[in-house]
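Any value given below was found using the heavy atoms of this structure, including those in side chains, with hydrogens, waters and symmetry copies removed. Proteins come first, then strands; the chains are lettered A, B, ... in the order of their sequence lines, and each starts at number 1.
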Amino acid sequence: MLILTRKKDESIVIDDKIEIKIISLDENKVKLGISAPKDIEIHRKEIYLEIQEENKKAAIGNLNLEGLGQFFKK
Amino acid sequence: MILTTKHFGEIEIDEEKIIAFEEGILGFEDIKKYTVIVNPDKDVPFHWLQALEYPELAFVITNPFVFKKDYDFEIPEKVIEQLKIEKEEDIMIFSIAVVPEDMKKMTINLRGPLILNIKNKKGRQIVLDTEKYSLKHYIFEEAATENIG
């Protein structure tokens, strides 16, 4: 992983098309501004990981839905 | 084609009904082909998304709007291009459900909806970067209140 130190208002440019700027700094958080082409997806990492984990739980979950009928019968 | 699945035994797959997930599903990026197995019980709004390359893998899916009527989000332009979506009518949205032993504690993932273009059979999971919708939305609390009301 490349480690760089930036001050407030300084930026990093990636691949000539993505820019990450430090908008503000706080004691324990930093606000980042990101410019990137529309075809680049940007997400908070933990959200990605959460969804991966949830998908995995779904895959090993109960696939037998017979018991559900009783909740939906009209 | 015939697929020997772990959960449904041998099933006949209609080639026309194979959905291509070019990027796979998060956590299962290598698996790109799925088919929807519709629940034979018409009263139950849950179906299965069965993986083709890996017959052991299937997900329980449902229409999230049945459980969250005001579910609303924007499909990113990148996704519209990727799935070549032309009309809103071609879109089908599903949520993956996690079904524990106690079925009443079942949840659906509203943060990672599956977007399907039924016209060209392309699909993908998108990530909603918002606290507004839950990763684990309990469906039965709502169903219970609806029955009472």
Side-chain angles (χ1 to χ4, degrees), chain A residues 1-2 4 6 8-9 11-74, chain B residues 5-8 23-29 39-51 54 56-62 66 76-79 81-82 95-104 106-109 111-113 125-131 135-136 139-140 143-144 147:
Chain A
M1 180 175 266
L2 178 65
L4 298 171
R6 302 273 67 197
K8 180 169 166 309
D9 294 331
S11 286
I12 293 169
V13 176
I14 299 172
D15 216 22
D16 239 352
K17 51 186 197 241
I18 301 169
E19 182 180 339
I20 304 177
K21 184 175 175 178
I22 313 289
I23 304 292
S24 66
L25 290 167
D26 208 325
E27 199 178 294
N28 44 25
K29 57 182 192 272
V30 61
K31 191 181 249 178
L32 301 170
I34 306 163
S35 304
K38 279 214 184 105
D39 62 313
I40 304 266
E41 276 182 59
I42 303 168
H43 294 292
R44 290 174 178 77
K45 184 175 179 180
E46 62 274 15
I47 299 217
Y48 242 95
L49 293 178
E50 265 179 5
I51 297 200
Q52 269 188 14
E53 283 310 305
E54 198 65 13
N55 285 347
K56 288 182 186 165
K57 283 191 196 144
I60 58 171
N62 189 355
L63 286 187
N64 180 351
L65 301 177
E66 266 165 55
L68 276 186
Q70 54 174 308
F71 299 112
F72 295 97
K73 292 293 184 216
K74 288 151 199 162
Chain B
T5 69
K6 181 177 177 193
H7 305 283
F8 311 103
E23 295 178 14
I25 286 177
L26 285 166
F28 300 91
E29 288 81 358
N39 198 328
D41 186 342
K42 299 289 167 212
D43 288 332
V44 179
F46 291 88
H47 314 285
W48 296 269
L49 188 69
Q50 169 70 52
Y54 194 60
E56 312 242 314
L57 177 66
F59 295 98
V60 172
I61 57 175
T62 186
V66 170
E77 217 178 281
K78 173 191 177 179
V79 176
E81 277 170 31
Q82 264 181 334
S95 293
I96 294 179
V98 178
V99 189
E101 279 303 314
D102 180 359
M103 281 194 188
K104 291 212 293 294
M106 164 172 189
T107 60
I108 60 174
N109 180 354
R111 238 181 247 173
Q125 183 171 38
I126 66 169
V127 174
L128 299 183
D129 213 340
T130 172
E131 305 279 303
L135 191 67
K136 295 179 204 281
I139 59 163
F140 282 110
N147 283 334

Contact part of [X] toward chain A, heavy-atom cut-off under 4.5 Å: side chain, backbone, both or neither?
X	answer
B/Leu57	side chain
B/Glu81	neither
B/Ala97	backbone
B/Asp129	both
B/Glu56	neither

How far apart are the closest heavy atoms of [X] and [Y], and which atoms are they?
X	Y	result
B/Lys78	A/Lys38	CB-O, 3.6 Å
A/His43	B/Val127	CE1-O, 3.4 Å
B/Leu26	A/Tyr48	CD2-CE2, 3.0 Å
B/Gly112	A/Ile51	CA-CD1, 3.6 Å

TODO: Starting at CZ of A/Arg44, measure out to OG1 of B/Thr130 and round the result to the nearest 0.5 Å.
DONE: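 A/Arg44 CZ to B/Thr130 OG1: 9.0 Å, rounded to 0.5 Å.
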- [ ] Quick one: pull up NZ in A/Lys57 and CG in B/Leu135 and give me the separation to the nearest 0.5 Å.
- [x]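 Those atoms lie 7.5 Å apart.
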Heavy-atom side-chain proximity of [X] to [Y] below 4.5 angstrom:
X	Y	value
A/Glu54	B/Val98	yes
B/Gln125	A/Asn55	yes
A/Gln52	B/Glu29	yes

- [ ] Select one option (side chain, backbone, both, neither) describing which atoms of A/Ile42 are under 4.5 Å from chain B's heavy atoms.
- [x]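 Backbone only.
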- [ ] Report the option among B/Leu49, B/Asp41, B/Thr107 that has the most heavy-atom pairs separated by less than 4.5 Å from atoms of chain A.
- [x]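 It is B/Asp41.
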Task: Within 6.0 angstrom of B/Glu77 CD, more than 12 heavy atoms from elsewhere - done: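 No - once you tally the heavy atoms of other residues, nucleotides and ligands closer than 6.0 Å, there are 12 at most.
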- [ ] Apply the test side-chain contact (heavy atoms from CB on, under 4.5 Å) to residues B/Ile126 and A/Glu41: give CA-CA distance (whole Å), side-chain angles for both, the deciding distance (0.1 Å), then the verdict.
- [x] CA-CA 10 Å; B/Ile126 66 169; A/Glu41 276 182 59; over 6 Å; no
